[in-house]
Amino acid sequence: MIEPWLEGRRALVCGASQGLGLACAVALARRGAAVVLAARSGPALADAVARLPPPSAGAHAAVVADLSGPDAADALAQAALRDGPVHVLINNNGGPAPGAALAADPAAYAAAFAAHLLSAQALVQRLAPGMRRERFGRIVNITSTSLKAPIPGLGVSNAVRGAVAQWAKTLAAELAPDGVTVNNVLPGFIATARLRALIGSRAAGGETVDQVEREMLASIPAGRFGDPAEIGSAVAFLCSPLAGYITGVNLPVDGGRTPGL
Ligand SMILES: NC(=O)c1ccc[n+]([C@@H]2O[C@H](COP(=O)([O-])OP(=O)(O)OC[C@H]3O[C@@H](n4cnc5c(N)ncnc54)[C@H](OP(=O)(O)O)[C@@H]3O)[C@@H](O)[C@H]2O)c1
């Protein structure tokens, strides 16, 4: 049985038209939340909304928003707040392009920082006051295990994940007195379009896709790629009343792959 942890709660999930964001939206909706899904593609969002189980109250909605920087935050927050307070914010965005840290143009670092940190900061600034009034808030950032152990070939991503982790830890202490938690979920290798693209780009270096997959699987103690629903489950738990005393943590969901604490 799935516990209705989030009955009567409202959530905004960013990057929710596919992959991990969509899995988070499904997991929150299954626990009763009404979910506002945001991404750039309107048709994909409409399909995603149609796949959600109905909420305990209210309705799910889709908002087209480009979160490549903070500019869209105002309109997105206003749209999400139209039908009531937003108790849950999932910050999630497309991953930066792969490549060596040294080879990346400084503009690529700036773009990743804008998409992953500045847009999240702008949304938190608009939604945290309502969470504080409600004395209940959950902010979860989808980041990467690279903030614990940098992943070779993902230079820009490694850098920005570290920045997001420090930002979140700082916010967690600022918001804890008002019942608002801030946590990071660190996906390992999870079977989404992003993972397929990363495998494809490594294979372009000369190996076959099969070889790249075998090497990646060999690095995962659980011996398999993760299912996006497994990220959704972790996020739903962190957003539940059960997790009210958990804040400022980095939770790897990686089949044991991260080689350190
Ligand atoms: N999958 C993994 O194994 C893995 C592992 C570690 C970390 N991560 C990280 O987790 C995040 C999600 O990964 P994923 O695998 O779910 O990726 P994905 O399948 O590529 O999905 C990305 C989602 O973000 C949306 N998006 C992209 N750019 C956006 C923008 N500028 N504004 C608003 N929405 C945007 C996309 O929709 P639109 O294109 O319609 O906007 C889509 O819904 C990424 O940051 C990724 O690097 C993934």
Side-chain angles (χ1 to χ4, degrees), residues 12-27 35-49 51 62-73 75-76 79-80 90-99 111-120 122-123 140-151 153-165 184-202 212-213 216-217 219-220 222 224-232 234-235 250-255 257-258:
L12 169 59
V13 182
C14 303
S17 59
Q18 65 176 37
L20 305 184
L22 175 56
C24 292
V26 170
V35 187
V36 176
L37 293 82
R40 292 168 303 181
S41 159
L45 279 176
D47 285 352
V49 169
R51 290 170 59 179
V63 178
V64 173
D66 182 348
L67 294 165
S68 53
D71 296 350
L76 175 55
I90 311 299
N91 286 312
N92 174 56
N93 211 321
F113 197 79
H116 288 265
L117 202 148
L118 303 186
S119 74
L123 284 171
V140 179
N141 308 302
I142 307 298
T143 63
S144 168
T145 58
S146 67
L147 68 85
K148 285 180 174 281
I151 300 174
L154 288 179
V156 174
S157 179
N158 293 342
V160 76
R161 307 302 182 179
V164 169
N184 300 318
V185 165
L186 286 44
F189 293 143
I190 314 294
T192 68
R194 161 84 175 169
L195 184 68
R196 284 192 293 280
L198 288 178
I199 291 171
S201 93
R202 284 200 199 175
V212 175
E213 279 190 6
M216 290 171 100
L217 288 169
S219 72
I220 307 170
R224 62 178 178 83
F225 293 135
D227 186 311
E230 294 175 307
I231 301 298
V235 166
N250 295 314
L251 176 64
V253 182
D254 66 352
R257 187 179 157 273
T258 305

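Atoms within a ligand are numbered from 1 in the order they appear, just like the ligands themselves.
Inclusion of Ile190 in the set of residues having an N or O under 3.5 Å from an N or O of ligand 1 is warranted. For ligand 1, the polar-atom distance check against Leu195 finds no nitrogen or oxygen pair separated by under 3.5 Å. Considering both main-chain and side-chain atoms, Asn93 comes within under 3.5 Å of ligand 1 through a nitrogen or oxygen pair.
Of all the heavy atoms of Leu67, the ones lying under 4.0 Å from any atom of ligand 1 are found in both the backbone and the side chain. Under 4.0 Å from ligand 1, the heavy atoms of Thr143 that appear belong solely to its backbone.
Take Ala122 and apply the side chain to side chain contact (heavy atoms under 4.5 Å, CB included) test, not counting sequence neighbours, and it matches Pro70, Ala73, Arg126.
Considering every non-hydrogen atom in both Pro96 and Ser157, the closest pair reads CG-CA, 3.9 Å. Here the shortest heavy-atom pairing between Ala39 and Ser17 reads CB-OG, 3.6 Å.
Between the side chain of Arg194 and the backbone N or O of Gly19 there is no donor-acceptor pair closer than 3.5 Å. Between the side chain of His116 and the main chain of Asn92, no donor-acceptor pair closer than 3.5 Å is present. For Asn184 (side chain) and Thr143 (main-chain N/O), no donor-acceptor pair under 3.5 Å exists by modelled atom type.
Every atom of ligand 1 with a heavy atom of Asp66 under 4.0 Å away is listed here by number and element: 30 (C), 31 (N), 32 (N). If you number the atoms of ligand 1 from 1 as listed, the ones under 4.0 Å from a heavy atom of Phe189 come out as 3 (O). Residue His116 has at least one heavy-atom neighbour below 4.0 Å for each of these atoms of ligand 1: 45 (O). Close contacts of ligand 1 with Gly95, meaning ligand atoms under 4.0 Å from a residue heavy atom, involve 44 (C), 45 (O), 47 (O). Every atom of ligand 1 with a heavy atom of Ile142 under 4.0 Å away is listed here by number and element: 10 (O). Applying the 4.0 Å criterion to heavy atoms of Ser17 picks out, from ligand 1, the atoms 36 (C), 37 (O), 38 (P), 40 (O), 42 (C), 43 (O). Under a 4.0 Å criterion applied to the non-hydrogen atoms of Ser68, ligand 1 contributes the atoms 31 (N).
Protein heavy atom closest to atom 24 (O) of ligand 1, with residue, atom name and distance, is Gly15 CA, 3.4 Å. Regarding atom 40 (O) of ligand 1, its nearest protein heavy-atom neighbour is Ser41 N, 3.0 Å. In terms of protein heavy-atom proximity, atom 19 (O) of ligand 1 is nearest to Gln18 NE2, 2.9 Å. If you check which protein heavy atom lies closest to atom 6 (C) of ligand 1, you get Pro187 O, 3.4 Å. When only non-hydrogen protein atoms are considered, atom 17 (O) of ligand 1 lies nearest to Arg194 CB, 3.4 Å. Protein heavy atom closest to atom 34 (N) of ligand 1, with residue, atom name and distance, is Ala39 CA, 3.7 Å. Remark: minimum distance from atom 15 (O) of ligand 1 to any protein heavy atom is reached at Thr192 OG1, 2.5 Å. Nearest protein heavy-atom contact of atom 12 (C) of ligand 1 is Asn92 OD1, 3.2 Å.
One option in Val13, Leu147, Leu20, Val164 has a heavy atom closer to atom 16 (O) of ligand 1 than any other, and that option is Leu20. Evaluated by nearest non-hydrogen atom to atom 22 (C) of ligand 1, the leading choice among Ala193, Gly94, Ala23, Cys24 is Gly94. For the residues Gly188, Gly21, Ala65, Ala112, the heavy atom positioned nearest atom 5 (C) of ligand 1 is part of Gly188.
In this structure, the separation between CD on Gln18 and CG on Leu45 is 10.0 Å, given to the nearest 0.5 Å. Here the CG atom belonging to Leu147 is positioned 4.0 Å from the CG atom belonging to Leu186, to the nearest 0.5 angstrom. Between atom CD1 of residue Ile231 and atom CG of residue Asp254 there is a gap of 8.5 Å, rounded to the nearest 0.5 Å. Here OG1 of Thr145 is found 12.0 Å from CG of Leu251. Values are rounded to the nearest 0.5 Å. Once rounded to the nearest 0.5 Å, the distance linking CD1 of Ile90 with CG of Leu123 reads 12.0 Å. In this structure, Ile151 CD1 and Arg257 CZ are separated by 5.0 Å, a value rounded to the nearest 0.5 Å.
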Report the C-alpha distance between Leu195 and Met216 in whole Å, list the side-chain angles of each, state the deciding distance to 0.1 Å, and finish with yes or no for side-chain contact (heavy atoms from CB on, under 4.5 Å). CA-CA 11 Å; Leu195 184 68; Met216 290 171 100; 3.8 Å; yes

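A heavy-atom separation below 4.0 Å is found between Arg161 and ligand 1.
Only one option out of Val63, Asn93, Leu67 pairs with Cys14 in a side chain to side chain contact (heavy atoms under 4.5 Å, CB included); it is Leu67.
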